[in-house]
Undergrad: 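Structure in structure tokens, see below.
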Amino acid sequence: MAQMISTMPMVDAAPAVSAIMSKLQQSSPSCLDTPPASGITVVSRQHVRPDAPSATGDLTLSVSDLPMLSCHYIQKGLFFPAPDLPMSALVSLLESSLSRALAVVPALAGRLVTLPDDRIVIRCNDAGVDFLHAVAPDLTLDDFLVPDADVPTRLTKDLFPMDRTVSYEGHRRPLTSFQVTVLGDGAVFIGIVANHAVVDGTSFWHFFNTWAAICRGEAPKLLDFRRNFFGDSTAVLRFPGGVGPAVTFDVDAPLRERVFHFSADAIREMKAIANNRRGGHERDAEVYGKMAHDPKNTEISSFQSLCAQIWLAVTRARKRLAPDATTTLRMAVNCRHRLRPAISPVYFGNAIQSAVTTATVSELARHDLRWAAAKLNASLAAYGDGAIRRAAAAWQAKPGCFPLGNPDGSVITMGSSNRFPMYEGNDFGWGRAIAVRSGRANKFDGKMSAFPGRAGDGSVDIEVCLPPETMAALLRDDEFMQYVSCPSHLL
């Protein structure tokens, strides 16, 4: 497959996109989506099923899956350079490789089913997924990746189908949907929308890697479908009348969204300060880590140092918080390696919990990065097997949906991970991805997502969502902005 791509002649995508749009204008309007204000138009929809029947039985939602039924589907995707093949061949290649990838991960082609005993399962019935092809002849990469500017959310939202769909809807809608969007300059965006009660970030990017590997003609890694993350739990969530939950935050609250880039040097400097070392040029073996996995190692990691700096800065920017208000930093933690015994790193499903660190506004104002990072380090170092089991037991005693949001305006929620293989392993056969972007799902005041820097050198991108006045204050904060730079590929 990869050889076929590499030998294709370079094709200018702009005429192809224009030709498609010309044909669409002559077609019956009923067969197409109404073009949105963004200029991104869906030109075809296909229903894709696995290319082989599934032998996987029902997969029961776990104590980590069920709370996500009130969350939006995950929306993440990647921009790629223009491929060296015609658009029709590109779409056909992606569609056929997706069919094979779904046979490897059949759960994503199934549906949610509530059983008579109220257990909710993923039924691997090969019901299939939606695959959309869209074009944006008047848009280029430069319209989406603008240095020193907010994310153009009016554009990015139309790169994804199933916008703001709640995960409980997986009872009647596909558990995943896919959209490939070809821009006027030939660049391609591949977006995946996946049910958050079915996958966490780790499983999401494992599937992205699986699809890419198959597309470029390589064998994918096999995932672990054993339900051994508290698989013996009998706790259920009941939804009378089949009426599902709603998200727990205001989806219409005004937000600004921006991706801040932190170079490896800037992160090393923050880590040196957090560990009371100056210079920041010593060898950094934890530049990617959310925590040091050795409980005897009390060194504050690079990512902890960065998150602490963000915690301090955003709290300063929230001018309306009272000095005695409690601020909270929530971090999604991957439980796979923290359990004893550990479960497989390729366990399929949700295996995440939320680690909480708190401090008052006045405490953060009085103290420095070292103090805030030490607080965060202590919380994460303590989040081992015992803490995970206590949290699972508490949820089983009182099952409920996960309360995403920021009701008192003092919370930061850090999701995703700079360890996820967003660039590594996601070459579909015509080049390394250029940038990661997400849709509108699960975004509220204080929601942040960590992405690895494209260079693979330990740099980190943080997607930040804040109210307009808070974002404006953050951008004026020189103590914070001194660590922010523009990634080299956008210069």
Undergrad: For the side chain of Ser167 and the backbone of His196, is there at least one donor-acceptor N/O pair under 3.5 Å apart?
TA: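 The answer is yes, because a donor-acceptor pair under 3.5 Å joins these two groups.
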Undergrad: Checking Arg316 now: which residues fulfil salt bridge (charged side-chain N to carboxylate O under 4.0 Å, His left out) with it, not counting sequence neighbours?
TA: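 Per chain and number, Arg316 pairs via salt bridge (charged side-chain N to carboxylate O under 4.0 Å, His left out) with Asp477, Glu479.
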Undergrad: His72 pairs by side-chain contact (heavy atoms from CB on, under 4.5 Å) with which of Val251, Thr165, Asn195?
TA: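 That would be Val251.
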Undergrad: Looking at residues at least two apart in the chain, or sitting in another chain, which of them share a ring-ring contact (aromatic ring centres under 6.0 Å, His included) with Phe229?
TA: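 Scan of Phe229 (ring-ring contact (aromatic ring centres under 6.0 Å, His included), adjacent residues dropped) gives none.
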Undergrad: Look at Lys157 together with Asp163 and state whether they make a salt bridge at an N to O cut-off of under 4.0 Å.
TA: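 Salt bridge absent between Lys157 and Asp163.
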Undergrad: Would you tabulate the side-chain donor-acceptor contacts of residues 204-211 under 3.5 Å, counting partners in other chains and residues two or more places apart, or write 'none'?
TA:
from   : atom 1 : to     : atom 2 : distance (Å)
His206 : NE2    : Pro345 : O      : 3.4
Asn209 : ND2    : Trp205 : O      : 3.4
Asn209 : ND2    : Pro421 : O      : 3.3
Asn209 : ND2    : Asn426 : OD1    : 2.8
Thr210 : OG1    : His206 : O      : 2.9
Trp211 : NE1    : Leu94  : O      : 3.2
Trp211 : NE1    : Ser97  : OG     : 3.0

Undergrad: Going by the angle between their ring planes, with limits at 30° and 60°, are Phe160 and Phe189 parallel, tilted or perpendicular?
TA: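 Perpendicular.
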Undergrad: Quick one: ring-ring contact (aromatic ring centres under 6.0 Å, His included) partners of Trp311, sequence neighbours excluded?
TA: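 Counting only residues at least two positions away or on another chain, Trp311 forms no ring-ring contact (aromatic ring centres under 6.0 Å, His included).
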Undergrad: Applying salt bridge (charged side-chain N to carboxylate O under 4.0 Å, His left out), can you list everything that pairs with Arg227, at least two apart in sequence or on another chain?
TA: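 With sequence neighbours excluded, Arg227 shows a salt bridge (charged side-chain N to carboxylate O under 4.0 Å, His left out) to Asp65, given in chain and number order.
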Undergrad: Does Asp126 pair with Arg111 as a salt bridge, N-O distance under 4.0 Å?
TA: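 Looking at Arg111 together with Asp126, the answer is no, because their closest N to O distance does not fall below 4.0 Å.
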Undergrad: With a 6.0 Å cut-off on ring centres, are Phe178 and Phe131 close enough?
TA: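 No - the distance between ring centres of Phe178 and Phe131 does not fall below the 6.0 Å cut-off.
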Undergrad: Does Asp51 come within less than 4.0 Å of Arg100, counting only side-chain N to carboxylate O?
TA: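 So Asp51 does not pair with Arg100 through a salt bridge.
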Undergrad: Please list all pairs meeting salt bridge (charged side-chain N to carboxylate O under 4.0 Å, His left out) that have one or both residues in residues 189-201, counting only residues at least two apart or in different chains.
TA: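 Every salt bridge (charged side-chain N to carboxylate O under 4.0 Å, His left out) pair that includes a residue of residues 189-201, provided the two are not neighbours, is Asp200-Arg336.
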